[in-house]
Amino acid sequence: MFKIGVDIEDIKRFEKYVHDIGDEFLKLIFTQKELEYCFSYKNPARHLAARFCAKEALVKAVSDLNLKLDYCEIEILNKPNGAPFYVLDENKNLNTSLSLSHDKTKAMAVALVERRKRVF
Ligand SMILES: CC(C)(COP(=O)(O)OP(=O)(O)OC[C@H]1O[C@@H](n2cnc3c(N)ncnc32)[C@H](O)[C@@H]1OP(=O)(O)O)[C@@H](O)C(=O)NCCC(=O)NCCS
């Protein structure tokens, strides 16, 4: 069965971090690939906020499966067409789906997750 998680954040919250890709707070939350993606844009804050939402949304979704994930265990990358997807350790045994959106002030994410069926 699929579980769903959703999150919304003020982009303003992330604006103080956009001057230093090596900021300690950013490195605690985001992977190097995520930071490189976000900082490749003129306005990194909206992409940082969206990824933060994606992590929170997945944490909410898996909590309903009695699982715990740290933010640093959740990576968000993008396909060549721009669509975002989660990268998780294979051992977590999860199928996931992700959608992000952001405008000038808010970012949001919707996460879907299901436990992968074991094939014997
Ligand atoms: C995919 C698309 C719908 C995204 O629309 P948008 O308004 O730019 O999206 P938002 O600003 O709400 O959200 C941006 C997020 O969308 C996601 N996204 C980008 N391309 C995507 C795609 N192809 N599929 C799914 N999600 C996508 C990304 O996660 C992006 O955030 P990120 O760069 O931080 O990862 C748009 O870029 C697009 O290609 N539209 C097609 C338009 C079209 O076909 N028009 C036909 C004539 S009407």
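Ligands are counted one by one from 1 in listed order, and the atoms in each one are counted from 1 as well.
- Heavy atoms of Asp103 found under 4.0 angstrom from ligand 1: none, in either backbone or side chain.
- Remark: atom 6 (P) of ligand 1 lies closer than 4.0 Å to no protein heavy atom.
- Cluster membership for Val110 and Leu88, using ILVMFWY side-chain heavy atoms within less than 4.5 angstrom, is not shared.
- Salt-bridge check for Glu24 with Lys27: passed, with a basic side-chain N closer than 4.0 Å to an acidic carboxylate O.
- Residue Leu100 has at least one heavy-atom neighbour below 4.0 Å for each of these atoms of ligand 1: 13 (O), 15 (C), 16 (O), 29 (O), 35 (O).
- Inside a 4.0 Å radius of atom 48 (S) of ligand 1 there is not any protein heavy atom.
- Two residues are said to be in side-chain contact when any heavy atoms from C-beta on lie closer than 4.5 Å; Thr31 and Ile74 fail this criterion.
- Taking every heavy atom of Gly82 and a limit of under 4.0 angstrom, the matching atoms of ligand 1 come to 17 (C), 18 (N), 19 (C), 20 (N), 21 (C), 27 (C), 28 (C), 29 (O).
- Less than 4.0 angstrom separates atom 26 (N) of ligand 1 from at least one non-hydrogen atom of the protein.
- Two different hydrophobic clusters hold Phe30 and Met108 under the rule that ILVMFWY side chains link at heavy-atom gaps under 4.5 Å.
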Exercise. Could you please spell out the steps behind the side-chain contact (heavy atoms from CB on, under 4.5 Å) verdict for Val62 and Lys92?
Key: CA-CA 10 Å; Val62 301; Lys92 301 289 177 199; over 6 Å; no
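- Scanning all heavy atoms of the two residues, the minimum distance from Cys72 to Leu28 falls at CB-O, 4.0 Å.
- For atom 44 (O) of ligand 1, the nearest protein heavy atom lies 4.0 Å away or farther.
- Nearest to atom 12 (O) of ligand 1 among the protein's heavy atoms is Ser101 OG, 2.6 Å.
- Annotation for ligand 1: atoms under 4.0 Å from non-hydrogen atoms of Asn78 are 29 (O), 35 (O).
- Remark: minimum distance from atom 33 (O) of ligand 1 to any protein heavy atom is reached at Tyr37 OH, 2.5 Å.
- Nearest protein heavy-atom neighbour of atom 11 (O) of ligand 1: His102 O, 3.3 Å.
- The nearest heavy-atom contact from the protein to atom 23 (N) of ligand 1 is Asn81 O, 3.0 Å.
- Between the side chain of Tyr37 and the backbone N or O of Ile76, no donor-acceptor pair lies under 3.5 Å.
- Leu67 is not connected to Leu112 by any chain of hydrophobic side-chain contacts under 4.5 Å among Ile, Leu, Val, Met, Phe, Trp and Tyr, and they are in different clusters.
- Atom 9 (O) of ligand 1 is never approached by the protein to below 4.0 angstrom, counting heavy atoms only.
- A salt bridge is absent between Glu73 and Lys68: the closest approach of a Lys/Arg side-chain nitrogen to an acidic carboxylate oxygen does not fall below 4.0 angstrom.
- Of the possible donor and acceptor atoms, none in the side chain of Glu9 sits under 3.5 Å from a partner among the backbone N and O of Ala107.
- Within the 4.0 Å cut-off (strictly below), a protein heavy atom is located near atom 14 (C) of ligand 1.
- Closer than 4.0 Å to atom 41 (C) of ligand 1 lies none of the heavy atoms of the protein.
- The aromatic rings of Tyr17 and Phe25 sit parallel to each other, their planes meeting at less than 30°, with 60° as the upper class boundary.
- Only the side chain of Arg51 comes within 4.0 Å of ligand 1, judged by heavy-atom distances.
- Protein heavy atoms all stay at least 4.0 Å away from atom 3 (C) of ligand 1.
- Nearest protein heavy-atom neighbour of atom 24 (N) of ligand 1: Ala83 CB, 3.4 Å.
- If you check which protein heavy atom lies closest to atom 34 (O) of ligand 1, you get His47 ND1, 2.7 Å.
- Under the 4.5 Å side-chain heavy-atom criterion for ILVMFWY residues, no single connected hydrophobic cluster contains both Ile4 and Leu58.
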